[in-house]
Q: 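Here's a structure for you.
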Amino acid sequence: GMTCSACSAHVEKAVSKLEGVSDVNVNLLGGSMQVDFDPAQQSNDSIIAAVVASGYGAQLPNAQAQTAGKSGSAGVPDMKEELAAMKRRLIVSFIFFIPPFYLCMGHMYGWPIPAFLSGHENMMTFSILQLLLLLPILYMNDKYYKVGFKTLWHRSPNMDSLIALGSTAAIVYSLYALFQLSYGFGHGDMALVEKYHMEMYFESAGTILTLVTLGKYMETKSKGKT
């Protein structure tokens, strides 16, 4: 669950507070931790519990992984698998990101917009379509929310927390604007429709998640090469 140096520093701090622990070294790049401790005061399970309590996860390397580590190939299959998963996330995110980006930004550049999505009378269709296109992006990138809100709950926010909060704020406000838009159409209040029809930020949430995933993919690829 570590994504930045703040994560590794928080894990080190959580484990170093344990009685009997003399040294902690967390390797963000390798996703590993080495701990020197007194077995009479602490155990592997208690150290893992401290990591979990801080909002992250840990497990002991098995014998096969330790053997692979001696030959310098530890973690390579996992990195390839992680990179493949990131690539799938990125492809799906871009597939569902491009249409709302085109629809929301196209009018600024004079791009042709389908007639059934243009004009105030079609704003409900336009807004609901944005929401539907956002859902696959949210599903593919749910890790930001799982990790981000978990670390926030444990009072150790990281970069995923910022992503989760930023995109959630855009989604929640857009849902509020969507309800206001619906109310305006239902009560013939076109002034309300005009006020909220430009305050949909579903595509902004999709942009945040897609571009961050692009950065994460490049980061993961570089980490794998390293």
Side-chain angles (χ1 to χ4, degrees), residues 1-8 10-11 26-32 55-59 65 73-109 111 113-114 117 126-153 156-175 178 200-226:
M2 297 188 302
T3 58
C4 60
S5 58
C7 303
S8 57
H10 188 74
V11 172
V26 177
N27 187 326
L28 176 64
L29 186 64
S32 62
Y56 299 89
Q59 61 183 9
S73 59
V76 173
D78 291 341
M79 183 61 69
K80 289 181 178 179
E81 185 177 331
E82 182 182 355
L83 186 61
M86 287 289 297
K87 188 175 183 179
R88 288 194 298 270
R89 284 172 55 189
L90 182 63
I91 292 173
V92 173
S93 296
F94 263 102
I95 288 174
F96 288 95
F97 158 71
I98 293 174
F101 178 81
Y102 179 93
L103 294 174
C104 293
M105 304 298 291
H107 66 281
M108 299 182 183
Y109 300 98
W111 298 340
I113 304 296
L117 294 175
F126 181 72
S127 302
I128 292 174
L129 179 61
Q130 285 187 61
L131 175 59
L132 293 176
L133 290 170
L134 174 64
L135 293 179
I137 301 177
L138 293 177
Y139 176 77
M140 294 301 297
N141 297 286
D142 62 344
K143 183 179 179 181
Y144 297 131
Y145 299 96
K146 291 178 180 178
V147 176
F149 286 121
K150 183 179 180 181
T151 54
L152 191 62
W153 175 259
S156 58
N158 59 9
M159 190 167 65
D160 286 347
S161 303
L162 182 63
I163 297 165
L165 286 174
S167 58
T168 299
I171 294 168
V172 170
Y173 184 80
S174 297
L175 289 173
L178 184 60
M200 298 291 171
Y201 299 103
F202 293 123
E203 101 287 347
S204 298
T207 300
I208 292 172
L209 296 172
T210 301
L211 294 185
V212 169
T213 301
L214 174 61
K216 292 274 190 181
Y217 173 74
M218 295 170 67
E219 180 184 34
T220 304
K221 194 172 183 179
S222 298
K223 188 188 295 186
K225 291 181 178 179
T226 303

Q: Can you list the residues that meet the salt bridge (Lys or Arg N to Asp or Glu O under 4.0 Å) rule with Lys221, with sequence neighbours excluded?
A: none
Q: For Tyr145 and Thr168: C-alpha separation, side-chain torsions, deciding distance, then whether side-chain contact (heavy atoms from CB on, under 4.5 Å) applies.
A: CA-CA 9 Å; Tyr145 299 96; Thr168 299; 3.4 Å; yes
Q: Please check: side-chain N/O of Ser167 versus main-chain N/O of Ala205, any donor-acceptor pairing under 3.5 Å?
A: no
Q: Verify the distance criterion only: is there a donor paired with an acceptor across the side chains of Thr151 and Ser161 at less than 3.5 Å?
A: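 Short answer, yes.
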Q: Quick one: do the Ser32 and Asn27 side chains pair a donor with an acceptor below 3.5 Å?
A: no
Q: Check side-chain contact (heavy atoms from CB on, under 4.5 Å) between Leu117 and all other residues, then give those that pass, not counting sequence neighbours.
A: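 Once residues adjacent in sequence are excluded, the partners of Leu117 under the side-chain contact (heavy atoms from CB on, under 4.5 Å) criterion are Leu103, Ile113, Pro114, Thr125, Phe126, Leu129.
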Q: Does Tyr139 have Arg88 sitting over its ring (NZ/CZ under 6.0 Å from centre, angle to axis within 45°)?
A: no
Q: Look at the side chain of Ser174 and the backbone N and O of Tyr201, then say whether any donor-acceptor pair between them is shorter than 3.5 Å.
A: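 Judged by distance alone, yes, a pair lies under 3.5 Å.
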Q: Which word best sums up how the rings of Tyr102 and Trp111 line up, parallel for under 30°, tilted for 30 to 60°, or perpendicular for over 60°?
A: parallel
Q: List for me each residue that meets salt bridge (Lys or Arg N to Asp or Glu O under 4.0 Å) alongside Lys216, sequence neighbours excluded, and say none if there are none.
A: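 Per chain and number, Lys216 pairs via salt bridge (Lys or Arg N to Asp or Glu O under 4.0 Å) with Asp160.
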Q: Holding to side-chain contact (heavy atoms from CB on, under 4.5 Å), I want the full list of residues that pass it with Leu162, two or more places apart in sequence or in another chain.
A: none
Q: To the nearest 0.5 Å, how far apart are OG in Ser5 and CG in Leu29?
A: 12.5 Å
Q: Has the side chain of Thr210 got a donor or acceptor atom that lies under 3.5 Å from a matching backbone atom of Thr207?
A: no
Q: Could you work out, with side-chain contact (heavy atoms from CB on, under 4.5 Å) as the rule, every residue matching Thr220, not counting sequence neighbours?
A: Met79, Glu82, Leu83, Met86
Q: Which residue pairs pass the salt bridge (Lys or Arg N to Asp or Glu O under 4.0 Å) test with at least one member in residues 128-143, sequence neighbours excluded?
A: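 Sorted result for residues 128-143: Asp142-Lys146.
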